[in-house]
> 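Below you will find the structure I want to go over with you.
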Amino acid sequence: MKKYHLCIMPGDGIGPEIMKEGVKALKVIEDRNDVSFELMEVPFGASAWFEFGTCCPDETWDTCDRADAIVKGTVGLSHEESRKIPIDEQPERSALLPMRRRYDTFANFRPVYLPKAFHHFSPLKPAIIGEGIDIMIIRELVGGIYFGEKEVGTNEQGLRYAREVLEYDEGLIQRTVKIAFETAMKRRKKLHNIHKSNVLKSSILWTDIIMEIAEDYPEVDVQHMLVDAAATALCLNPTQFDVMVMENMFGDILSDQGGGILGSLGLMPSACLGPQKAYYEPSHGSAPDIAGKNIANPYSMIGSIAMMLDMSFGMHEEASNLWNAMSAVFANGYSTGDLSRSTDSVKIVSTSEFGDRVAEELASSFLQNT
Ligand code: NAD
């Protein structure tokens, strides 16, 4: 029997609630395959800080090091609550970014997917959604301004200032861009380079490298689009996009907009791949406004687990069964409240009921296949 060690980080806010639903799906998969998942749950995030005085205790790092993959919920607090933790010890600065750096998880895959049948979830008009939205955003995850040098102080005029450096070298860009081309080759062979070359020199370097690597992929149609124009285009004509590749901060912002055009951040799973280790997490934050109410959408967490099955363990069929199980729940008319608009007839279910229904659909998909 194949045994996988998974480091499970429920995290803060809605993290523990949606993680439970992801684990339900893993249990179904474990029950019917020659595989076992050893779940090693660890503290991570603001909740860990309040309990242990650090957002990532040493034991958490040890467990991550030993794991075959890391499954992360969400971290962070509301704006007001965050202020209880010293700035440099807050979860993103002291745990999440260090984890990305430690495992060099440079390639962040963020699917923005909504088939035509579920157009009612989206705030966009059906005519704009057409045959459906199917975009893969590839975000560089360990470079750029989030990881650049930082300084705060008071300048000669006595004014407080903050300085943060946006830096990329060609190696960092090349490896992400190659992954984007490879991904485009497996899809519709269309790649949008999202940049800001009219202002940023880093974007000029980024675009030069795209054009150099494009020579190795003559079948891929490369389009260059300014990031500000891309924000508009995502709303007005999202179906023109297949793969979009961009630097770290652009990807952070545009992928949340991706969640917006689908109808909820709850539809945004992600995979973060490095040379040796990968971790999987919803693209969104800890949603403190709805935490503890059993109303969050666990699709993003369950979808991240589907990505793990596919990308880390080669369990392609079970990954697709899991996606299909979530679609079946939607097709049967159920969704969490975030996806319900006043004009539709969606039957609203809780986080846990959504997860139960996905697990049931997943189990029955297996019976159909045997
Ligand atoms: P957020 O992504 O947590 O929430 C934005 C909005 O989307 C909220 O209205 C929330 O209710 C909704 N939402 C998010 N996920 C949902 C889901 N699964 N189901 C239904 N609705 C959902 O952004 P925020 O409120 O700006 O940030 C909250 C905290 O999360 C902050 O501390 C922030 O730093 C942190 N954060 C963490 C990550 C991460 O862990 N990678 C990413 C982004 C933000």
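Order of listing sets the numbers, starting from 1, for every ligand and every atom in it. The structure presented is a predicted model; accordingly, all values stated were derived computationally and were not measured. Along the sequence shown, residues carry numbers from 1.
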> Is at least one protein non-hydrogen atom found at under 4.0 angstrom from atom 19 (N) of ligand 1?
yes
> Can you confirm whether something in the protein, heavy atoms only, sits under 4.0 Å from atom 40 (O) of ligand 1?
yes
> Any N or O on Ser78 sitting closer than 3.5 Å to an N or O of ligand 1?
no
> Among all protein heavy atoms, pick the one closest to atom 12 (C) of ligand 1 and tell me residue, atom and distance.
Ala287 CB, 4.4 Å
> Should the pair Glu247-Lys196 be classified as a salt bridge under the 4.0 Å nitrogen-to-oxygen rule?
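So Glu247 does not pair with Lys196 through a salt bridge.
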> With heavy-atom distances below 4.0 Å as the criterion, list the atoms of ligand 1 near Asp338.
19 (N), 20 (C)
> Of all the heavy atoms in His79, does at least one lie under 4.0 Å from an atom in ligand 1?
no
> Could you state the interatomic distance from CG (Leu6) to OG (Ser312), rounded to the nearest 0.5 Å?
9.0 Å
> For atom 21 (N) of ligand 1, which of Leu265, Leu96, Ile290 has the closest heavy atom?
Ile290
> What part of Pro91, side chain, backbone, both or neither, has a heavy atom within less than 4.0 angstrom of ligand 1?
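Within the 4.0 Å criterion, Pro91 makes no contact with ligand 1.
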> Does a salt bridge link Asp134 with Arg188, judged by any charged N lying under 4.0 Å from a carboxylate O?
no
> Which residue in the set Leu234, Leu262, Leu254 passes side chain to side chain contact (heavy atoms under 4.5 Å, CB included) when paired with Val112?
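One option only clears the test, and that one is Leu262.
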> Taking Lys189 first and then Asp242, would you say they form a salt bridge - that is, a charged N and a carboxylate O separated by under 4.0 Å?
no
> Less than 4.5 Å apart, any side-chain heavy atom of Glu21 and any of Ser352?
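The answer is yes; the side chains approach within 4.5 Å.
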> Please state which option from Gly285, Ser286, Ala296, Gly73 has its nearest heavy atom closest to atom 29 (C) of ligand 1.
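Nearest heavy atom to atom 29 (C) of ligand 1 lies in Ser286.
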> If every non-hydrogen atom of Met1 is compared with every non-hydrogen atom of Ser36, which pair is closest and at what distance?
SD-CB, 3.7 Å
> Charged N to carboxylate O below 4.0 Å: is that the case for Glu281 and Arg100?
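Looking at Arg100 together with Glu281, the answer is yes, because their closest N to O distance falls below 4.0 Å.
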> So which of Val75, Asp252, Asp256, Leu77 gets nearest to atom 31 (C) of ligand 1, if we judge by its closest heavy atom?
Leu77
> Taking it one step at a time, do Tyr4 and Phe313 satisfy ring pair (Phe, Tyr, Trp, His ring centres under 6.0 Å)?
CA-CA 9 Å; Tyr4 293 117; Phe313 304 142; 3.8 Å; yes
> Just heavy atoms, cut-off under 4.0 Å: does Asp289 contact ligand 1 by side chain, backbone, both, or neither?
side chain
> To which of His284, Glu92, Lys72, Lys293 does the heavy atom nearest atom 36 (N) of ligand 1 belong?
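Ranked by closest heavy atom to atom 36 (N) of ligand 1, first place is Glu92.
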> Is the contact between Ile18 and ligand 1 made by the side chain, the backbone, both, or neither, using heavy atoms and a 4.0 Å cut-off?
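Looking at Ile18 and ligand 1, no heavy atom falls under 4.0 Å.
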> Starting from atom 28 (C) of ligand 1, locate the nearest protein heavy atom and write down its residue, its atom name and how far away it is, to 0.1 Å.
Pro288 CD, 3.4 Å
